Structure formats: structure tokens, C-alpha cells
Number of protein chains: 2
Amino acid sequence: MPERKRLTLKDLAAEINVHYSTVSRVMNPATRHLVADDVAARILEVAEARGFRPNRIAAGLRTQRSGLVGVVLPDIANPVFPPILAGIEAVLAQQGYVPIVVNAGLDKVRQRFVIDQLVGRQVEGLLLATAEREDPILDYCLKQRIPAVMINRGEDAGRASCVVSDNLLAMRLTVDHLVALGHRRIGHIAGPAALSTGYQRREGFLQAVRRHRLRREAWQVVEADSYSREAGRQACARLFADFPGMTAIAAGNDLIAMGCYDYLREHGLCCPADISVVGHNDMPFVDALTPPLTTVRIPVHQMGEDAARLLLQQIGAPASPPVTVELVPELIVRGSTAPPPAPH
Amino acid sequence: MPERKRLTLKDLAAEINVHYSTVSRVMNPATRHLVADDVAARILEVAEARGFRPNRIAAGLRTQRSGLVGVVLPDIANPVFPPILAGIEAVLAQQGYVPIVVNAGLDKVRQRFVIDQLVGRQVEGLLLATAEREDPILDYCLKQRIPAVMINRGEDAGRASCVVSDNLLAMRLTVDHLVALGHRRIGHIAGPAALSTGYQRREGFLQAVRRHRLRREAWQVVEADSYSREAGRQACARLFADFPGMTAIAAGNDLIAMGCYDYLREHGLCCPADISVVGHNDMPFVDALTPPLTTVRIPVHQMGEDAARLLLQQIGAPASPPVTVELVPELIVRGSTAPPPAPH
DNA sequence: CTGAAAGCGCTTACAG
DNA sequence: CTGAAAGCGCTTACAG
């Protein structure tokens, strides 16, 4: 017959006739050597047989370490996040930590609420994928001395560690590719300027365009309201209105690129014959679109791993100075880019 | 200057000159009325000012309720899960619960390990999206009396609650649609038979085919090794080899359907002109494929909500009998289905 | 090498 | 209405 209640150290100790502190020492590999081999073996055996699993929460209360890390996402439905999560989980698990992931949305008030929940649950640190360039949430974490590292998006002041992709390089690769194909009228749909990714990719676009000495009439930038397919579609419409004769679009991310696809289809334009499109992120399945999307691959899994590692370091040494890890992106050329249509 | 350590009830009580049990009563809305209004107001005010958040872990230790629920996923990279997670999170949050989601993979040994971790962290119940028709993990939960409800996939014995979609109906809708278009040679790529979804959808396919009195030569089934794009591509190849003249494929899920797209493209076949394809799940962005995928939409968000609700109920009343909630799916007709090519 | 004790931060019967 | 006390399940100095 299965037991009704969960076993405790005391239950087990009573069964074996030792003090429960001895059982405690045996259950923890680090203190196991303090106990005589034969009694340790017996305790382990009974623990195994009875399926005893020490209460990590009680232990955490005593040791002041919950083994919990909060992961704050702006939008779990964005397919970039699953691989990042996988990377986070992998390194946390190695250290006996477990992530609590929450979908915090875009609203700072709600984010703050959600973080308070996490802090109330004694998370030892926070992984923030929600940061803006000036982020009140990060101010809050800093003030409360909650270890936090930002993922993918950084803040301007650089007061906390973050793991990002090299957005300037990414846009250089993008524009180089487009120019090499012969494009001379290139539009950029930037992500929100309040986000470091939106801001830096736009900067990268501008730098790249200057490097190629393109005249002011040769490029144009519009900003999407958000990183979403629908916002991409709308921004694409504005871009066409502002910038007739455009032959290529560098989209702020893949969702925006998908919005461009939607717009093009609705307006009977053919990609890449009429217009080339480049995305950003290489999120899952964009290779299955028609045409397969040329995009910038960012090392998402590693991004998660590195961020988790940095956070664990910071939890271990709270005073350590912030570090920024910049990962190297890669242009993945697929079918959505081609030479511009011949002028007639 | 920010405080170094987290505040406790005692810290706050000392500051206000009341007993800490009084502070405790005020912090909990349910017991607040036991305290005089004026002192309650004062305590609340100071708590707010100092940013005090009671330690939920300590409270949980005392009350034997962690407020934690484990969510066990086979593969977080599958885009069906984010919306399910969103549904789960929404209802859990209402009740002050928080999910811990883990990516447990397909291996039962690893799943067991992961669940032990969760149990050690005192989760009050488990939401399993990993169930097979005969699932050792579920045996384990039942034996340990861990409240558990299955999502999307059920077990044959029906010993635990689950929330699924009506797979028989789904396949009936699929086959009806294909037959109505004029198809008379229809293949099905089933998901793994060890999973209830794979098994039931295949059953549904067989029932539907019989209802239409299709002769044995008019249909064919092959089984994919897993619910993945690559397994779908391989199974598609086998299906074409086994079943020449096929004009339509009912895929076990959208990932498998994407594998079919891959196969068709590689072999110069055109969908839907040469062959129609129907998916299952309506996962995000399959409307952006070319052609947009005709598929069965399952109410994923609601699936998450219902499962979380059932689990909460079961946590509240552990003895209650298992219930199966069957949600109604809907066929979403898009561009991947059309009448079969005219015979020549 | 093992035991006895204190204490992590709470909740909640029990007094008063 | 408020306080004092016990106890949730652990860990870990401190004795012996």
C-alpha cells in the first residue's frame, strides 16, 4: 500500500534507529563522508527502497538558498524563446537549479508584479528577456540587490550583465549581402527603438549603408510598433509608401519579415523576384516558408547557456562587476534574397 | 541605501512595535480582518514602504503547500506548447500558483529523474504532456499519490484525469473534407502508436475511411517514428513508395505535414495541384507556409486552462475520480487542399 | 563518527 | 483584538 504522506528525515531515522541528523548527512553527497561507510550504506539503501526525497524547500529555508531562478519572458509565444530556455535549463540543471519561467508581457507594471511573485518565492536571481534600454524593472532589481542578467536585450547604462548578439555585425552582413546582390534601394524595418535590439540593428543598418557610401536616396528606415508579424505587415506598408522603387528589405526580426511576406502576398509582389527580404533570429521553421527566409542566425541556445552561467556566477559573487557577452551571429542565405529586378 | 538582506516578519514587527504574528495576519488578506483596522493599515503602509514580501517558501513549509505545480513537456521546441503553457499559467496565477516547467525529453528514465526533482521541490501536482498509452511515469505518480493530469495525450487505462482533443472527430473532419474534394486515394501518416494521439488519430482515420465505404486500395497508413519534421519527411517517402497514385495525405500533426512539404519540394511535386496535405494542431505560423496549411485546430489555450483547473481541483480533493475532458477541434481549410489532379 | 540543539521564516491553535 | 508558543523539515555548528 502506498504511503499517504511524504517521508521525512525523522521517519527514515526512526526506521533505521539513527538520529535524523545522520540521515541528513548521508543524503547530502557533500557531507556523506562524515558518516561511517556501513551506516551510510544502510541509510542509502532504505532511502532508496522507500523512495525518500529530502524536502528541498525545507533545506532551502535553512540554507537560505532556494535553488530557484526566475526567467522573465516578454512573450512565450515567440519561437526564439524555446531554444533559449533549453540552454538555460541545461546549465541550471547541472548546478541543481531549476528555472521558474513566467510570461510577463510588455507592460512594466505587470512585469513588476510578476517579479515580486518570484522574489516572494525566493528566487536567487533573475534572467530578464524583457529589458528595455532604460528599464525600470532593472532599476528595481539593482536597488533590491537581486542578481539579474539580461538576455538578448541589454540596457544602455550597462549596470548589469547581459548576453547579446552582435547586432552591428549582423546588419553589416545583411547589407553587404544585399549590396553584393546589386540592390541599391534598401529599406529597413527597425524594431522598437526603446529596445537595444531595435536601436542597435538600426544603427548597424545606418553604419553599413554609410560604409557602402550609399546616397541618402538609396535607403530608408521605418520603425515597427512591436516585434510581431502584424506590426511588420503595417510597417512594410508604410515603407512602400515612403520609399517607392525599393528592391530589398532588411527586417528587424523574423516575425517582422513574416509580416513583410504577408504584405507582399496581399499586393501581388513576388519575393525574391520583385523584392528581397532578410530576417533576423533564424527562428524555427523560417526555412519552411516560401521562399525560405534569408536571415541572421543568432546562437540562441548558447545565449541561454551563457546567461545562466553568468547569473550563477553573480549569485556566487554578488559584488562582481557586470560583464557583457557578445555572441557572433551568422548570415544564413536562403531563397528570399536575389538580385534586384532588371530596371526597364 | 538599499538593504542587504531580505526583510522578515520579525524585522517589520520590531519596527512597528507589534508582535510578528500580528504582521503575519495582516499580510494574509484572509486573516486581515482579525486585526484592528488602524493597526492593519499601519502595518500595510510600512510593509509597502519597505517593500516587504513575505517568504512564500517558509509559509509553504508551515502550511504544507508550496503553491508550485510541475509541468512536464516532451519537447519545449514544439510550438504547440507555448499556447498551452500560457493557458496553464493564466489559471494557476489566479489561484496564486506558479508552474515550474521542465523539458523532460522522451526518455522515461530521464522523465522519472526530472519528476523526482520536482517532487523534491514539493510541487503539489503535475501536469504531464509526456504521457504514453501505457506510461510508467503515470504509474509512479499514482503510486506516490501525486496529483497529476495529462494534457493532450491520455493513457489507455484512464486512471488519471486528462484533457484531450477529440481525435476521432478531427480525423473525420479531415477525411470528409478530402473526400468531398474528390480524393479517392488517401494516405495517413500516423504519429507513434504508443501515444494516444497517434493511436486515436489513426483509428479516426480508419473509421472515417470506412464510413465513406472506401475500398482497401483507396487508403494507406504508415507510421512516423516521432512527431517531427524529419520523421514526417521519411514517412512521406515510405508512403509514396507503398501507395502509388496517392492524391492526399492526412498528416498526424503539423510537424509531420511540414516534413511532407519538404519531401514534395525535393521531388518536384506541387501541393495542392499534385497532392493535398492536411496537418493537425494548427500550430503558430503554419498559415504562413506555402501553401498555407489546411489543418485541424485544437483549442490549445483552453487545453492548458482546463488541465490546470482539473489539477487544482484534484489537489483540493485528492480522492476525486479521474475525469476526461474532450475538447472539440475544428478544421481550418487553407491552401494545401484542393481537388485531386484530373486523371489522364 | 554520532547525537542533541538551535534556528531558517512563516502560520495558527491557544490564551488572555 | 493581540501575544506567546509550537512546529513545518531541514542543516550545521557544537559536544562528546
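Only a predicted model underlies this, so the values are computations on that prediction, with no experimental measurement involved. So you know, we letter chains A, B, ... as the sequences are listed, proteins then strands, and number each from 1.
As rounded to whole Å, 15 Å separates atom C1' of dC10(C) from atom CG of Leu7(B). Leu61(B) has its CG atom 17 Å from the P atom of dG7(C), to the nearest Å. Here the P atom of nucleotide dC8(D) and the CZ atom of Arg56(A) are 21 Å apart, to the nearest Å. The separation between Gln122(B) atom CD and dC8(D) atom C1' is 11 Å, rounded to whole Å. Atom P of nucleotide dG7(D) and atom CZ of Arg65(B) are separated by 22 Å, given to the nearest angstrom. The CD1-C1' distance, from Ile43(A) to dT2(C), rounds to 10 Å in whole Å. The distance from atom CZ of Phe52(A) to atom P of dG9(D) is 10 Å, rounded to the nearest whole Å.
For Val18(A), taking side-chain heavy atoms from C-beta onward, the closest of the listed nucleotides dT2(D), dG3(C), dC10(C) is dG3(C).
Checked against side-chain contact (heavy atoms from CB on, under 4.5 Å), Pro54(A) has the following partners two or more places apart in sequence or in another chain: Met27(A), Phe52(A). Shown here are the side-chain contact (heavy atoms from CB on, under 4.5 Å) partners of Ala104(B), two or more places apart in sequence or in another chain: Val72(B), Gln111(B), Val114(B). Checked against side-chain contact (heavy atoms from CB on, under 4.5 Å), Ala86(A) has the following partners two or more places apart in sequence or in another chain: His301(A).
The list of side chain to side chain donor-acceptor pair (under 3.5 Å) pairs with a residue in residues 92-102 of chain A, not counting sequence neighbours, reads Arg65(A)-Tyr97(A), Tyr97(A)-Glu124(A). The side chain to side chain donor-acceptor pair (under 3.5 Å) contacts involving residues 71-91 of chain A comprise nothing, where partners must be two or more places apart or lie in separate chains. Within the structure, side chain to side chain donor-acceptor pair (under 3.5 Å) pairs that include any residue of residues 51-60 of chain B comprise Asp116(A)-Arg53(B), Tyr140(A)-Arg53(B), Gln144(A)-Arg53(B) (at least two apart or interchain). Evaluation of the side chain to side chain donor-acceptor pair (under 3.5 Å) test over residues 30-48 of chain A, restricted to residues two or more places apart or in two chains, returns none.
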Per-nucleotide protein contact string for nucleotides 11-16 of chain C, where B marks a base within reach and S marks sugar-phosphate only (heavy atoms under 4.0 Å, - for neither): BBB---
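Contact between the side-chain N/O atoms of Thr22(B) and the OP1/OP2 oxygens of dG3(D) is found at a separation under 4.0 Å.
Taking the nucleotide of DNA chain D with the nearest heavy atom to each of Gln64(B) and Val39(B), the more 5' of the two is matched to Val39(B).
For DNA chain C, the stems formed by at least three consecutive Watson-Crick or G-U pairs, with both atom-pair distances below 3.5 Å, span C:1-3 with D:14-16, C:5-12 with D:5-12, C:14-16 with D:1-3.
Residues Pro82(A) and Ala77(B) share a closest heavy-atom pair of CB-CA, 4.0 Å.
At distances below 3.5 Å, at least one donor-acceptor pair connects side-chain atoms of Arg121(A) with backbone N or O atoms of Gly67(B).
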